[in-house]
Protein chains: 2
Amino acid sequence: MGKAKDDSRQSGCPVAYGLDVFGDRWTLVIIRDMLMLGKRYYGEFLDCPERIASNVLADRLKKLEDAKIVSKQIDPVNQSKFIYKLTSKGIELIPMVLEVITWGSKHSPYTNTPPELLRKIKKDRAGTIREIAECLKNDQSFIAKNGWV
Amino acid sequence: MGKAKDDSRQSGCPVAYGLDVFGDRWTLVIIRDMLMLGKRYYGEFLDCPERIASNVLADRLKKLEDAKIVSKQIDPVNQSKFIYKLTSKGIELIPMVLEVITWGSKHSPYTNTPPELLRKIKKDRAGTIREIAECLKNDQSFIAKNGWV
DNA sequence: CTGTATCCTTAGGGATACTG
DNA sequence: CAGTATCCCTAAGGATACAG
C-alpha cells in the first residue's frame, strides 16, 4: 500500500481531480471526522463507527498529507504522538461535505443526521460554514453530541 | 464484478452512505458527464477523456440504476439501444458536484474549468442549478462547448 | 497507547474478445 | 455501433503481529 496516488487522469476536469484525491471509500470518512467531529489523533480516527483498519488509516493520512489537505505535527502536549489538522485546502472541503450530508441524509435509509444541522445548512450555508470553521479553531466538534456516534 | 454494493457500513452517517454509492474513481465521472455534458448513451460515456473501460462502465451504470440514481429505458428513436437518464435522486447531486468543481478547480494543477462557469456557481448557486436542470430537460450540455473535452 | 509492517484474500479494473 | 463476458493482474484493505 502507500504507493503515491498516480494522478494519471489529467483530463483537466476538476471532478476527476477531486476523485483522484478522495475517490475511495475511506478518505472522506476521515475528513468528516476532522471536520464535523473535531478529531485530531490517530486513535480517534481509528475509533469510528465504520471500523477503519489501522493500516488503511495510516495510508490515507499519508496521502492526505501528501495532497496538502492534512498537516502532521508533533503534538506539543504529548511529544510521543502526532496531531493531524486540516490545512486551508482541507477546510475548503466543508461546502462539499455539507452537500454530501444534505444529499445523503435525504436518501440514506439509515441516516440519523441531526435535523438541527440540516436546518442550519439549508437556511444559511455561509453561516454554517463559518460556524464549523470557528469550532475547528477551538478544537470542538460541531455535531459530536448530536448524532452519528 | 457487479456484485451488489453491500452497503455494509450502516453507521447512520450520510457521508458514509454517499461513499457507499459514489465512493470510487469512476461513478462521479459518469454522473458529471450526464449532469454537465448532457450525455445519455453508452457510447457517449465510453468516449470520455479519462478512458473508462467498457466493463467498468457497464458495472457502474448497473449500480447507479440499482441505487435509483439513473434510469435505463429503451431509446424511443432507436429501439436497439438504451437511454440513460438521471432520476430526481441523481439530479439532486448537482449541488454537490458543483462544490467538487469549485474545490477541484481551485486546487487542481491541471484544471481547465471555464471561468464563466465558476463565476456563475459562485455568484448564484441556485440560478446555476436551475440552469443546469433546464438544460437537462432540453438534452443540452451546459459546458460542453467550453472545456474539459 | 501510537503507529507501522506483514500476510493474504478479494475487489477493482484494464485489455480484449465476443454477441446481436 | 451497443453492450456483455472473460482473462488476468494489481490495488484495496481486513486481520493481526509487531515496535517504540
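Chain identifiers are assigned alphabetically (A, B, ...) following the order of the sequence lines, protein sequences preceding nucleic acid strands; residue numbering begins at 1 within each chain. What's counted below: heavy atoms across the whole structure, side chains too, no hydrogens, waters or symmetry copies. Source: prediction; values computed, not measured.
One finds the CG atom of A/Leu35 at 9.0 Å from the CE atom of A/Met96 (value rounded to the nearest 0.5 Å). A distance of 10.0 Å separates CG of B/Leu117 from CZ of B/Arg119, quoted to the nearest 0.5 Å.
In this structure, A/Ile52 places its CD1 atom 8 Å from P of D/dG14, rounding to the nearest Å. What separates CG of A/Asp59 from P of C/dT6 is a distance of 15 Å, to the nearest Å. One can place NZ of B/Lys72 at 13 Å from P of D/dA2, the figure rounded to the nearest angstrom. In this structure, the NZ atom of B/Lys62 is 17 Å from the C1' atom of C/dG12, given to the nearest Å. One atom, NZ of B/Lys63, and another, P of C/dG13, lie 8 Å apart when rounded to the nearest Å. Separating the CG atom of B/Leu19 from the P atom of D/dG13 is a distance of 11 Å, rounded to the nearest angstrom. Rounded to an integer number of Å, the gap from CD of B/Glu44 to C1' of D/dC1 is 13 Å. C/dA5 atom P lies 14 Å from atom CG of A/Leu57, rounded to whole Å.
Note on B/Arg51: every side-chain N or O is 4.0 Å or more away from OP1 and OP2 of C/dA15. OP1 or OP2 of D/dG3 has at least one side-chain nitrogen or oxygen of B/Tyr84 nearer than 4.0 Å. Neither OP1 nor OP2 of C/dA11 sits under 4.0 Å from any side-chain N or O of A/Arg25.
Contacts classified as salt bridge (charged side-chain N to carboxylate O under 4.0 Å, His left out) and involving residues 86-115 of chain B (residues at least two apart or in different chains) are given here: A/Glu92-B/Lys106, A/Lys106-B/Glu92, A/Arg125-B/Glu99, B/Glu99-B/Arg125.
Distances were taken from every side-chain heavy atom of B/Lys81 (C-beta onward) to each of C/dG13, D/dG3, C/dT4; the shortest belongs to D/dG3. In this structure, the nucleotide among D/dG13, C/dG3, D/dA2 sitting nearest to the side chain of A/Tyr42 is C/dG3. Of all nucleotides listed (C/dT4, D/dG3, C/dG13), C/dG13 comes nearest to the side chain of B/Val56.
Within 4.0 Å of B/Tyr41, counting heavy atoms only, lies no atom of the nucleic acid at all.
A salt bridge does not link B/Asp24 with A/Arg25: every distance from a Lys NZ or Arg NE/NH1/NH2 to an Asp or Glu carboxylate oxygen is 4.0 Å or more. Between A/Lys63 and A/Asp59 there is a salt bridge, since a side-chain N of the basic residue sits under 4.0 Å from a carboxylate O of the acidic one.
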task = Kindly indicate, with the supporting measurements, whether the criterion side chain to side chain contact (heavy atoms under 4.5 Å, CB included) is fulfilled by A/Thr87 and A/Val70.
result = CA-CA 5 Å; A/Thr87 64; A/Val70 160; 5.8 Å; no
Any protein N or O atoms within reach of nucleotides 16-20 of chain D? Criterion: under 3.5 Å, listing atom names and distances.
unit_1 : atom_1 : unit_2  : atom_2 : d
D/dT16 : O4     : A/Ser54 : OG     : 3.0

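Taking the six-membered ring where the residue is Trp, B/Tyr42 and B/Tyr84 present tilted rings, their angle falling between 30° and 60°.
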